[in-house]
Trainee: 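Mind looking over this structure? Questions follow.
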Amino acid sequence: PPVSSPVFPCLHPLTPPPPAGAILSFLFPRPKLAPAPAAAQPPAMASSEMQPVAPHHQHSRPTEASLRRAYGEGNHVTPLVDPDDDPGLTKVQRVLKAAKGKVPLLTWGRTYGREDLKGDLISGLTVAVVLIPQAIAYALLVELPPVYGLYTSFVPLLVYPFLGTSRQMCIGPFALVSLVVANVVSGIVPTEPDVDLDAYVGAVLLVTVLTGLVQILMGTLGLGMISSFLAGSCISGFTTAVALIIIASQLKYFLGAAVPKASLPVTIYRGIEVVVTGRANGWAVLVTIGAFCIIMGLKNAGRRFCKKIPLFEQLVAVIFFTGLAAGVDLGVEVIGEIPAGLPVPTLPAFPSTLGEWGLYLQGSAVVAFTSFLVSMSIVKVFAAKHQYATDANQELVALGAANVVGGLFRAYPSSGSFSRTAIVSSLGGRTPLHGVVQAVVIALVLLVLTPLFETLPYAVLAAIIFAALQSLVDFSTAVKLWKSSRPDFFLWVIAFIATAIFDVQVGLIVSMIASLGLLVLRTSRPRTVVLGRLPGTDIYRDVRRYPSAQTLPHLLLFRFDSPLHFANADYFAASVRQRLRAMLKVFDDPTHFVLDCSSIHTIDSSAHDVFVDLVKELHKARVAVLLVSTRAPFRDALTRFGTYDNLIGENNMFLTLKDAVDVGCAVPMQPPVRREMNAVPSAVDGDHLSESGPGSVAGESPHLGPGPADPSIDHIGLDAEGDAPGGRGRRSTGNARSSGLAAVVVQRDHDDGMGDGDDARGVARA
């Protein structure tokens with residue numbers, strides 16, 4: 001006897017199993033759809049319920065308004081909850097959440113464990129050993145005594161870990177920022193550091209405090225995004241020029257003779273003059289070259305044979321030549337006594353005149369931006385590598401706090417260091433507490449070990465700077481840009497020349513202006529595209545890139561690859577007029593202008609005025625304007641201006657280019673239809689064209705008024721003499737227009753297998 005199945009109760013065990021599709025259909029039944037009524041037998045309706053029925057060719061096409069009515073209301077399938085504004089949070093939870101954003105320590109400190117401590121200790125101790133010789137050397141770039149480099153490596157490292165969002169970045173002295181500080185202060189203080197060191201140090205400390213305050217203000221105002229307005233090519237050219245300036249500034253230690261400070265070309269010339277005149281110290285040259293060879297040799301050996309364990313090449317060179325200079329008189333200048341002890345908090349002297357305040361604020365703004373630019377580029381690299389989020393505004397606040405507190409403890413402006421941050425990342429540093437470990441080591445050096453560096457030659461410090469900056473001298477980027485992007489190449493050249501010939505401040509300002517200039521140029525002159533349909537498809541592409549793309553003689557499909565605003569509105573209108581004039585030279589008068597709005601997501605008032613003038617001009621010339629793929633903000637703006645309903649109309653807006661070409665361009669210019677009107681859909685809303693149907697009398701258009709029965713005239717809007725129904729139109733070759741436009745519809749109906757024979761024959765006659 002048959003055995004029942006729990007799924008199919010009447011299934012016999014020997015019966016072959018049903019196909020998988022039948023099982024899925026049984027388990028997950030589709031909703032039953034009402035059968036479509038036969039065309040010849042429409043359902044009966046009461047006389048009181050009789051309504052006009054749209055003909056077959058006037059079935060409404062999808063529009064933005066219909067989509068909004070169908071899907072724009074109701075509950076979301078997936079609840080949309082803003083993580084920054086969760087309504088379920090209490091006031092205490094909101095306060096704690098805001099505190100976590102301002103004090104990142106509250107975020108990573110909750111999960112701090114033994115493995116984190118191990119990684120921070122190892123990376124912090126290693127970087128501290130690397131930091132000691134760098135701190136002493138970079139102080140020379142600011143023209144300060146070496147101890148100020150150690151001060152800059154102490155207090156700021158205790159402040160940043162509690163406010164910064166980067167977990168690997170090491171802040172402290174950095175060559176590029178050190179040179180910028182020296183350049184700024186030398187423009188404020190007229191005397192040289194050798195003449196009045198106290199005045200020079202006071203100016204540096206005040207610039208440090210003001211730099212921190214500017215950074216805090218920028219972070220509070222949300223100006224962290226300002227770094228995005230400096231092009232990468234400008235940064236590369238600026239950095240290369242600054243690296244060469246730093247190298248040139250060390251020629252006096254490399255040659256062991258005085259080389260007055262000047263611009264890069266002048267400094268190089270004076271260095272050559274020292275060599276030619278025989279004033280160079282041969283021992284200083286030998287010590288510099290020897291130290292540089294030791295550093296680079298150990299670095300290359302470590303990369304090849306000992307990748308995971310640092311060899312401390314800079315410290316090795318310092319120890320070797322310090323000991324050698326202590327035992328043998330090398331005939332080179334040494335740094336001498338370094339004051340022992342931790343820095344004492346000091347309030348810098350403030351300027352007495354408004355003019356001096358202006359100079360200090362201007363210079364501090366340059367230093368603040370440069371420091372943030374360097375640091376943020378490092379933050380982005382290692383945040384992406386370790387996959388955690390950072391906040392540019394919070395980074396500004398953290399750097400600013402570190403500089404303000406550091407300036408009070410005799411430090412000059414600090415920033416991130418890529419080489420030291422890379423060491424932390426490779427050794428497993430997981431939290432910013434590695435900076436505290438570095439600060440503790442520097443404190444021990446200040447308290448105990450400073451006498452050991454008294455015989456350290458300046459030539460060794462110059463070698464350390466040369467080795468550290470070799471990676472920043474990068475001309476290969478310019479070569480790549482020449483091959484890939486000429487505008488970016490010229491930005492690189494502008495930034496490099498302005499920085500090398502003039503100074504760092506001028507170079508930075510010129511780089512920013514050049515970057516913004518290129519941005520404005522590209523925004524005000526965006527790409528414009530004439531579209532054509534690829535043969536046998538419904539895909540539209542640029543006719544310049546796809547020569548086989550097909551266009552119609554009286555139809556312009558145009559795309560503007562940018563939002564419309566005051567800077568590019570005139571260019572947009574001029575581009576459209578130019579394309580239309582080009583069409584007139586080859587074809588007859590255009591009848592339809594289709595604007596692909598997929599890239600136009602907004603429009604301002606100035607651009608709107610230009611857009612309205614252009615549309616009115618085209619309407620006056622009997623050219624229909626159709627909009628395709630409009631974005632919601634763009635439609636909202638047109639609605640607020642009143643243009644949506646009064647000038648364009650829902651009937652002249654389409655979701656796809658196919659609809660615009662096949663439906664909208666098959667009829668002449670239509671007056672705008674307001675969205676709130678409940679009229680019978682017009683022929684432009686239909687998917688097919690026919691001669692007559694319910695709601696219209698043969699030989700009469702339901703929307704254009706009485707007209708000839710010939711579809712060639714009904715669809716194009718011109719009679720045999722070139723007159724438009726309801727008024728005089730332009731005289732043109734109407735048969736050529738109608739045959740070209742109707743061919744599209746006929747081909748579409750043939751390809752889709754849609755439309756009955758009467759419709760096809762009617763359109764063929766058109």
Side-chain angles (χ1 to χ4, degrees), residues 82-86 89-90 92-128 130-131 153-172 212 215-216 218-220 222 224 227 371-372 374-406 414-443:
D82 186 356
D84 296 330
D85 190 19
D86 190 346
L89 296 179
T90 63
V92 176
Q93 291 174 331
R94 291 178 184 273
V95 172
L96 293 177
K97 191 170 184 178
K100 289 179 182 179
K102 299 301 180 183
V103 185
L105 171 64
L106 300 177
T107 301
W108 55 262
R110 297 170 55 190
T111 59
Y112 196 84
R114 182 176 299 178
E115 290 298 324
D116 298 326
L117 179 61
K118 178 181 176 181
D120 291 339
L121 285 175
I122 295 175
S123 60
L125 292 173
T126 304
V127 172
V130 176
L131 177 60
S153 305
F154 175 48
V155 174
L157 275 68
L158 294 175
V159 177
Y160 176 82
F162 299 97
L163 298 175
T165 58
S166 176
R167 302 181 183 181
Q168 281 78 33
M169 189 173 71
C170 295
I171 70 166
Q215 289 175 332
I216 293 175
M218 291 172 61
T220 304
S227 62
S371 172
F372 171 66
V374 172
S375 303
M376 198 60 206
S377 62
I378 299 172
V379 168
K380 291 179 180 179
V381 170
F382 289 94
K385 180 178 180 180
H386 294 276
Q387 298 181 352
Y388 60 84
T390 59
D391 186 352
N393 296 321
Q394 184 61 30
E395 285 296 320
L396 272 170
V397 174
L399 280 173
N403 284 322
V404 169
V405 179
S414 58
S415 69
S417 169
F418 189 90
S419 60
R420 298 196 297 268
T421 304
I423 295 175
V424 171
S425 176
S426 63
L427 295 180
R430 298 184 179 183
T431 71
L433 282 185
H434 60 79
V436 177
V437 177
Q438 299 171 43
V440 171
V441 175
I442 297 298

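Remember, predicted model here, so these are calculated numbers, not experimental data.
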Trainee: Among Met376, Met169, Lys380, exactly one meets side chain to side chain contact (heavy atoms under 4.5 Å, CB included) together with Thr390. Which residue is that?
Mentor: Met376
Trainee: For the ring pair Phe382 and Phe418, is the centre-to-centre distance below 6.0 Å?
Mentor: yes
Trainee: Distance-only, no hydrogens or angles: does the Asn403 side chain make a donor-acceptor pair with backbone N or O of Ser414 under 3.5 Å?
Mentor: yes
Trainee: Kindly compute the distance separating OG (Ser426) from CD1 (Ile122), expressed to the nearest 0.5 Å.
Mentor: 11.0 Å
Trainee: Sub-3.5 Å donor-acceptor pair from the side chain of Gln438 to the main-chain atoms of Leu125, do we have one?
Mentor: no
Trainee: To the nearest 0.5 Å, how far apart are CD in Gln215 and CG in Leu396?
Mentor: 6.0 Å
Trainee: Closest heavy-atom contact between Ser227 and Phe372?
Mentor: CB-CE2, 3.7 Å
Trainee: Considering non-hydrogen atoms only, spot the tightest contact between Thr421 and Cys170 and give its length.
Mentor: OG1-N, 3.1 Å
Trainee: What closest approach, in Å, do Leu163 and Ala401 show between heavy atoms, and which atom pair accounts for it?
Mentor: CD1-CB, 3.6 Å
Trainee: Between Thr165 and Pro104, what is the shortest heavy-atom contact and its length?
Mentor: CG2-CG, 3.9 Å
Trainee: Indicate the atoms forming the closest heavy-atom contact of Leu157 with Gly172, along with that distance.
Mentor: CD1-CA, 4.2 Å
Trainee: So, for Ile442 and Ser153, which heavy atoms are closest and what is the spacing to 0.1 Å?
Mentor: CG1-O, 3.7 Å
Trainee: With no hydrogens and no angle check, is any side-chain donor or acceptor of Gln394 less than 3.5 Å from a backbone partner on Gly164?
Mentor: no
Trainee: side-chain contact (heavy atoms from CB on, under 4.5 Å) for Glu395 and Ser375? Distances and angles first, verdict last.
Mentor: CA-CA 8 Å; Glu395 285 296 320; Ser375 303; 5.7 Å; no
Trainee: Taking Ile216's backbone N and O only, do any of them form a donor-acceptor pair with Thr220's side chain (distance below 3.5 Å, no angle check)?
Mentor: yes
Trainee: Ignoring hydrogens and angles, tell me if any N or O in the side chain of Tyr388 forms a donor-acceptor pair with the backbone of Ser166 under 3.5 Å.
Mentor: no
Trainee: Please determine whether side chain to side chain donor-acceptor pair (under 3.5 Å) holds for the pair Asp120 and Thr431, giving the CA-CA distance in whole Å, both sets of side-chain angles, and the decisive distance to 0.1 Å.
Mentor: CA-CA 7 Å; Asp120 291 339; Thr431 71; 2.4 Å; yes
Trainee: For the atom pair OH (Tyr160) and CD1 (Ile171), what is the distance rounded to the nearest 0.5 Å?
Mentor: 7.0 Å
Trainee: Out of curiosity, Tyr112 OH to Thr107 OG1, how far, rounded to the nearest 0.5 Å?
Mentor: 15.5 Å
Trainee: With distance as the sole test, does Asp116 use its side chain to make a donor-acceptor pair with the main-chain N or O of Arg430 at under 3.5 Å?
Mentor: no
Trainee: Side-chain contact test, heavy atoms from C-beta onward, threshold under 4.5 Å: evaluate it for Thr126 versus Ile423 and give yes or no.
Mentor: yes
Trainee: Could you tell me the separation between the NE2 atom of His434 and the CG atom of Leu117, rounded to the nearest 0.5 Å?
Mentor: 13.0 Å
Trainee: Hey, what do you get for CG (Leu427) to NZ (Lys118), rounding to the nearest 0.5 Å?
Mentor: 12.0 Å
